[in-house]
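Single-structure report; data block below.
Note that ligands are numbered from 1 as they come in the structure, with each ligand's atoms numbered from 1 the same way.
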Amino acid sequence: MTSSAPSRLAMVPFVSVENMMRLVHHVGLRKMLVQLADAIESDFLRWETFDKTARVPSHSDVGVIELMPTSDGDFYGFKYVNGHPKNAAEGLQTVTAFGLLADVATGYPVLLSEMTVLTALRTAAMSALAAKHLAPKGAHTMAVIGNGAQSEFQSLAMAEIVGISTVRLYDIDPAATRKCARNLQGHGLTVTVCQSAEEAIEGAQIITTATADKKNSTVLSDNMVGAGVHLNAVGGDSPGKTELHRDILLRSSIFVEYPPQTRIEGEIQQLDPDHGVTELWKVLSGTEDGRTSQSQITLFDSVGFAIEDFSALRLVHAIALDAGFYTDLDLVADPDDSRDLFGMLMRAA
Ligand code: NAD
């Protein structure tokens, strides 16, 4: 029998923004951040099994659109993501994303998902995973400079996974700081609103920079960073878009996701191409040192790598299908007779 109706096999589970939000509340936000950090850690521990490539960017004067693919041989995943710092002023998100997971054996997609919310969650989980290994022991206070869309996620992941209890907030736009402080109420953190980046970093063992500006900024200058601090630099993630003064990099032990991508996009684009950096997966696997002294400045030069999105998509695939937080999407043409694509089209007339 032939028909123009899509077969069940060809239906692709689709996790909308609404279903992603339901899923996060179903699991619990903090538990979801922990599960994401665990999923990323276990995939980083099998780093060598993945196909790896620096993401593929398309730059314009106002932003960048990127594709981020990877595969572990069983599944293939990619994320579409943009970065447009000027969007916020127009009431739009700076970063939006969606992603797809496919079965390598057939090439058929097995999941299409929103990833704007998921990217904020996975970026925060990744920051916290890095800080768990690099921040000074007993770190309790984090400065968060840049209080936009990522900031609350960063704060809660550091609270849950690293154990910080205080955040000190600063943004050049006081409305962003007010929003962040308001959103963090009731989440068990002591929140201090600061009037400058200098004030925010007072007493902080971890400094997160999550600003958005399409230029080489100096959110932190060299004299602001004291011994023993862990820097979590999230916002410098594109050529010509950095947050830290170069002199800070020269005093820091630098940890990165995938060097070929970070050399182009991260803070280390300011350094010589052969400047020594440590791949974070080697710290997780115990083959390279993380923090070795209380006075060392550690820097996680975060840019976001495809394996983190792959881990996130695998986790969402498992939970969303189990809990029913998806709809079927008629995405893949799949005629009963695989060679009769034309016949399927004609019968649909
Ligand atoms: P957003 O536009 O919502 O927020 C950015 C905030 O930074 C704004 O409130 C802005 O006022 C503030 N800001 C800009 N310049 C500042 C400065 N000099 N000092 C203090 N505050 C300043 O953006 P977002 O979605 O929160 O993302 C933040 C950054 O993180 C972006 O640059 C984005 O590209 C990056 N990002 C990185 C990753 C990663 O994996 N590394 C993932 C997601 C986003």
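The proximity of T211 to ligand 1, defined as any non-hydrogen pair under 4.0 Å, involves the side chain as well as the backbone.
Close approach of ligand 1 to G146 (heavy-atom distance below 4.0 Å) involves ligand atoms 7 (O), 21 (N). Which parts of ligand 1 touch K241 is read off a 4.0 Å heavy-atom cut-off, strictly below it: atoms 31 (C), 32 (O), 33 (C), 34 (O). The distance from ligand 1 to the heavy atoms of G304 drops below 4.0 Å at these ligand atoms: 39 (C), 40 (O), 41 (N). When each atom of ligand 1 is checked for a heavy atom of T123 under 4.0 Å away, the hits are 38 (C), 39 (C), 40 (O), 42 (C), 43 (C). Of all atoms in ligand 1, listed by their number and element, those nearer than 4.0 Å to a heavy atom of D237 are 33 (C), 34 (O), 35 (C), 36 (N), 37 (C). Per-residue contacts place G235 under 4.0 angstrom from the following atoms of ligand 1 (heavy atoms of the residue considered): 29 (C), 30 (O), 32 (O), 35 (C). Within ligand 1, the atoms closer than 4.0 Å to a non-hydrogen atom of V303 are 39 (C), 40 (O), 41 (N), numbered from 1 in the order shown. Of all atoms in ligand 1, numbered sequentially from 1 with element shown, those under 4.0 Å from a heavy atom of I145 are 20 (C).
For atom 2 (O) of ligand 1, the nearest protein heavy atom (residue, atom name, distance) is T94 OG1, 2.5 Å. Looking only at heavy atoms of the protein, atom 15 (N) of ligand 1 is closest to I172 CD1, 3.5 Å. The protein non-hydrogen atom at the shortest distance from atom 9 (O) of ligand 1 is D171 OD2, 2.6 Å. Nearest protein neighbour of atom 4 (O) of ligand 1, counting heavy atoms only, is G148 CA, 3.2 Å. Taking atom 37 (C) of ligand 1 as the reference point, the nearest protein heavy-atom neighbour is V234 O, 3.1 Å. In this structure, atom 41 (N) of ligand 1 lies nearest to the protein heavy atom S302 OG, 2.8 Å. The protein atom (non-hydrogen) at minimum distance from atom 24 (P) of ligand 1 is Q150 CG, 3.4 Å. Ranking the protein heavy atoms by distance from atom 3 (O) of ligand 1 puts A149 N, 2.9 Å first.
Annotation: Y170 places no N or O atom under 3.5 Å from an N or O atom of ligand 1; distance criterion only. Among the atoms of S151, none of the N or O lies under 3.5 angstrom from an N or O of ligand 1. Annotation: D173 places no N or O atom under 3.5 Å from an N or O atom of ligand 1; distance criterion only. For a threshold of 3.5 Å applied to N or O pairs, the pair formed by V219 and ligand 1 contains no separation below that value. Ligand 1 has no N or O atom lying under 3.5 Å from any N or O atom of D213, backbone or side chain. Between R122 and ligand 1, a contact under 3.5 Å exists for at least one N or O pair. Inclusion of P85 in the set of residues having an N or O under 3.5 Å from an N or O of ligand 1 is not warranted. The shortest N or O to N or O distance between A176 and ligand 1 is not below 3.5 Å.
The only option from K79, R55, R314 that meets the salt bridge (Lys or Arg N to Asp or Glu O under 4.0 Å) definition with D309 turns out to be K79.
Within the structure, the closest approach of A210 to ligand 1 falls below 4.0 Å when heavy atoms are considered.
Taking 4.5 Å as the limit, some side-chain heavy atom of V17 sits within range of a side-chain heavy atom of M21. For the pair L250/H275, a side-chain contact is recorded, criterion being any heavy-atom separation below 4.5 Å from C-beta on. Residues E308 and F44 meet the side-chain proximity criterion, which asks for heavy atoms closer than 4.5 Å. Looking at E288 and E279, their side chains never come closer than 4.5 Å, going by heavy atoms from C-beta outward. Looking at heavy atoms from C-beta onward, I268 lies in side-chain contact with R263 at the 4.5 angstrom threshold. In this structure, the side chains of I161 and V34 come closer than 4.5 Å at one or more pairs of heavy atoms. E18 is not listed as a side-chain neighbour of E114, based on a closest heavy-atom distance of 4.5 Å or more. Side chains of M142 and V162 form no contact here, defined as non-hydrogen atoms less than 4.5 Å apart.
For E243, the side-chain hydrogen bond (donor to acceptor under 3.5 Å, both in side chains) partners are T209, T211, not counting sequence neighbours. In terms of the salt bridge (charged side-chain N to carboxylate O under 4.0 Å, His left out) criterion, E48 has no residue partners (sequence neighbours excluded).
A salt bridge is defined here as a Lys NZ or Arg NE, NH1 or NH2 lying under 4.0 Å from an Asp or Glu carboxylate O, and D247 with R251 fails to meet this definition.
Between the side chain of T116 and the backbone N or O of A97, at least one donor-acceptor pair lies under 3.5 Å. When atom types are taken as modelled, the side chain of K179 and the backbone of N147 share a donor-acceptor pair closer than 3.5 angstrom.
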Verify ring-ring contact (aromatic ring centres under 6.0 Å, His included) between W281 and F50, making sure each step is shown before the conclusion. CA-CA 12 Å; W281 73 271; F50 283 91; over 10 Å; no
